[in-house]
Amino acid sequence: MRTKLFLSFLFVILIALLSNLVFERLIINDFNAYVKGSEEDRIYWIMASVEGSYKNGTWDDFLLQEAVHWAAMLGFETYVTDQNNRQIISTSDILAHLNPVMLKRMASLFELPTGYGEYTWYPLYVEGNEIGKIYFRPLKRLGFLPQKEEIFRKRGRQFLLITFAIAGGGAIFLSFVFTFFLSKPLRLLTEAAEEVAAGNFSTRVKLNQGPFSKLFKRRDEIERLSETFNYMVSALQREDALRKHLTSNIAHELRTPLTIVKGNLEALEDGVIKDPKEVFARIKSEIDRIIDLVQGIEDITHAEASFFKKGKKEEIELEEFIRNITDSYQSVIREKGLYLHMEGPIMRVKTYPDKLHIILKNLINNAYRYTDDGGITVSWGPSNRGFFIEVKDTGKGMDDKEIKKIFDRFYKGESSQGRGLGLSIVKELVETIGAEITVQSKPGKGSLFRVEFPAS
Ligand SMILES: Nc1ncnc2c1ncn2[C@@H]1O[C@H](COP(=O)(O)OP(=O)(O)OP(=O)(O)O)[C@@H](O)[C@H]1O
Ligand SMILES: [Mg+2]
């Protein structure tokens, strides 16, 4: 990751360097073109002057001398030929007749009397007729002007080099900083993932590690990834703890009935018990307990799985929904001599029906099981958070010590004939759907279980 980031930064720097070089070339070329352009302007100006010295079929010597003189002043060694290619005037002719002061001045500007390089020639026209040619070649310039041009070129190069050094150096520095700080959270994540893979589920990625994290209010992708990672590891940790707990609970719960089965079979074998029917009946009842336990384990596994798979919310009418559940208990409740009351308004709510069904079934089942006198009241209604359902009984009740334990897996009271899993399943489902469960109970007075459901 770091190497890739660093390489991509280097690539960007390289592109910057290349574009800088191209830019420098372009500027210098433009400048050279400008210099050349102004040279051409001068040539056309001189040509116009020379052409202007041709009048009525003859050359005006004075004007011609003047034009060639100006050509020398503008930096060109020239000579002019007529239609017959005869040379009629040249720079050296002019220089020979120039006054000494003027000559000195010119000598300070140009290397006299001859220029350098090849001559280039241009045809001269007057009224569409060629009147001759003019030959040019540059005089070597002395003094400030060529130096200034050279200085400009040099400065341009220096400027571009300096800007490149600043930008390139900055980019390299930033690439180090970014590579380090950007890759740091990813490195932490990788290390954490390796820890988790090695079985250490208490590992968490620490958020907001970067020096810039305080600057930005919005969380970036890596922070969100870290959060999701932490959530995932918490879920794994929870799963792992549940699995370990469940395994030891199951082992414990299975040992008792299996020991009884084994003991009975041994007693039969040793002839201690004579009546095999009695033994079979006991073994059968223990096997029923084991089957019941397996069913319970299946239920709790389902409830746990629902933590990851909530399903879809549906709209239901509460009274109708609750009545469907209580109906199956009506006859046994009446048989036990208990009453069953239902109180609540007509109201429609959005919830997870299958989970609500399991929750209510367990609460009503307990109320029925642990109540010998009086009866059960199921009530519901709107509440601050959304809606509530209460299951109240006039049964044996519980003390505070017991209340603390009732949601633990496999906890069951002395009078219980069950598996001790009902309320732990309820708790699991209540948490899954974002509801809350509370208990009020007094020994001998009865219990009240209240579940608060969120509105949506
Ligand atoms: N309404 C109640 N009144 C009094 N005690 C209760 C009530 N509900 C639960 N308890 C106590 O809490 C314990 C745990 O309840 P839980 O429903 O988890 O298990 P269980 O009823 O024993 O078995 P099962 O797994 O079959 O439901 C019970 O054994 C009982 O002692
Ligand atoms: Mg129960």
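Count residues from 1 along the sequence. All ligand and atom numbering here is 1-based and tracks the order in the structure.
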I'd like to know if the side chain of Tyr352 pairs up with that of Glu314 as donor and acceptor (distance under 3.5 Å, no hydrogens or angles considered). no
Residue, atom and distance of the protein heavy atom nearest atom 29 (O) of ligand 1 read Gly413 N, 2.7 Å
Given 3.5 Å as the limit, does a donor-acceptor pair link the side chain of Asp240 with the main chain of Leu236, or not? no
Do Asp393 side-chain atoms and Ser447 backbone N/O form a donor-acceptor pair below 3.5 Å? yes
Before we go on, tell me: are the rings of Phe136 and Tyr119 under 6.0 Å apart, centre to centre? no
Cationic N near anionic O, under 4.0 Å, Arg385 to Glu436: yes
Which protein non-hydrogen atom lies closest to atom 9 (C) of ligand 1, naming both residue and atom, and how far is it? Asn366 ND2, 3.5 Å
Any N/O of Gly422 closer than 3.5 Å to an N/O of ligand 1? yes
Modelled atom types, side-chain donor and acceptor of Glu452 and Ser383, under 3.5 Å: yes
How close does the nearest protein non-hydrogen atom get to atom 23 (O) of ligand 1, and which residue and atom is it? Gly420 N, 2.9 Å
Assess whether atom NZ of Lys336 is packed by more than 12 heavy atoms of other residues, nucleotides or ligands within 6.0 Å. yes
Answer with side chain, backbone, both or neither: which part of Lys396 has a heavy atom less than 4.0 angstrom from an atom of ligand 1? side chain
Heavy-atom contacts with Arg369 under 4.0 Å: which atoms of ligand 1 show up? List them by number with element. 20 (P), 21 (O), 23 (O), 24 (P), 26 (O), 27 (O)
I'd like to know whether ligand 1 has Glu402 as a neighbour, heavy-atom separation below 4.0 Å. yes
Contacting atoms of ligand 1, where contact means under 4.0 angstrom from a heavy atom of Gly418: 23 (O), 26 (O)
Are Ser447 and ligand 1 in contact, using a heavy-atom cut-off of under 4.0 Å? yes
Less than 4.0 Å between a side-chain N and a carboxylate O, is that true for Lys262 and Glu269? no
With no hydrogens and no angle check, is any side-chain donor or acceptor of Thr394 less than 3.5 Å from a backbone partner on Asp373? yes
Arg348 pairs by salt bridge (charged side-chain N to carboxylate O under 4.0 Å, His left out) with which of Glu319, Glu315, Glu317? Glu315
Of all the non-hydrogen atoms in the protein, which one sits nearest to atom 12 (O) of ligand 1, and at what distance? Ile406 CG2, 3.0 Å
For ligand 1, which atoms sit closer than 4.0 Å to a heavy atom of Leu423? 9 (C), 15 (O), 16 (P), 17 (O), 18 (O)
Among non-hydrogen protein atoms, atom 1 (N) of ligand 1 lies closest to Asp393 OD2, 3.0 Å
Does Tyr339, at its OH atom, have more than 12 non-hydrogen atoms belonging to other residues, nucleotides or ligands within less than 6.0 Å? yes
Val426 and ligand 1 - part of the residue with a heavy-atom distance under 4.0 Å: neither
What atoms of ligand 1 come closer than 4.0 angstrom to any heavy atom of Ser416? 20 (P), 22 (O), 29 (O)
Does ligand 1 have any atom that is closer than 4.0 Å to a heavy atom of Lys405? no
If we ignore angles and hydrogens, is there a donor and acceptor under 3.5 Å between the side chains of Arg289 and Gln417? no
Listing protein N, O or S under 2.8 Å around the Mg ion (ligand 2) gives Asn366 OD1
Backbone of Lys412 reached by a side-chain donor or acceptor of Ser416 within 3.5 Å: no
Could you tell me whether ligand 1 has any atom less than 4.0 Å away from a heavy atom of Gly395? no
Using only heavy-atom distances, determine whether the side chains of Tyr411 and Glu402 contain a donor-acceptor pair under 3.5 Å. yes
With atom 5 (N) of ligand 1 as the reference point, say which of Lys412, Met398, Arg419 has the nearest heavy atom. Met398
When you compare the side chains of Arg204 and Asn230, does any donor N or O come within less than 3.5 Å of an acceptor on the partner? no
Full working for side chain to side chain contact (heavy atoms under 4.5 Å, CB included) between Ile325 and His357: CA-CA 7 Å; Ile325 303 170; His357 186 95; 3.7 Å; yes
Which part of Phe449 is near ligand 1, with near meaning a heavy atom under 4.0 Å away: side chain, backbone, both or neither? side chain
I need the nearest protein heavy-atom contact for atom 25 (O) of ligand 1: residue, atom name and distance, please. Leu421 N, 2.7 Å
Looking only at protein heavy atoms, which one is nearest to atom 7 (C) of ligand 1, and what is the separation? Tyr370 CD1, 3.5 Å
Which heavy atom of the protein is the closest neighbour of atom 14 (C) of ligand 1, given with residue, atom name and distance? Tyr411 O, 3.4 Å
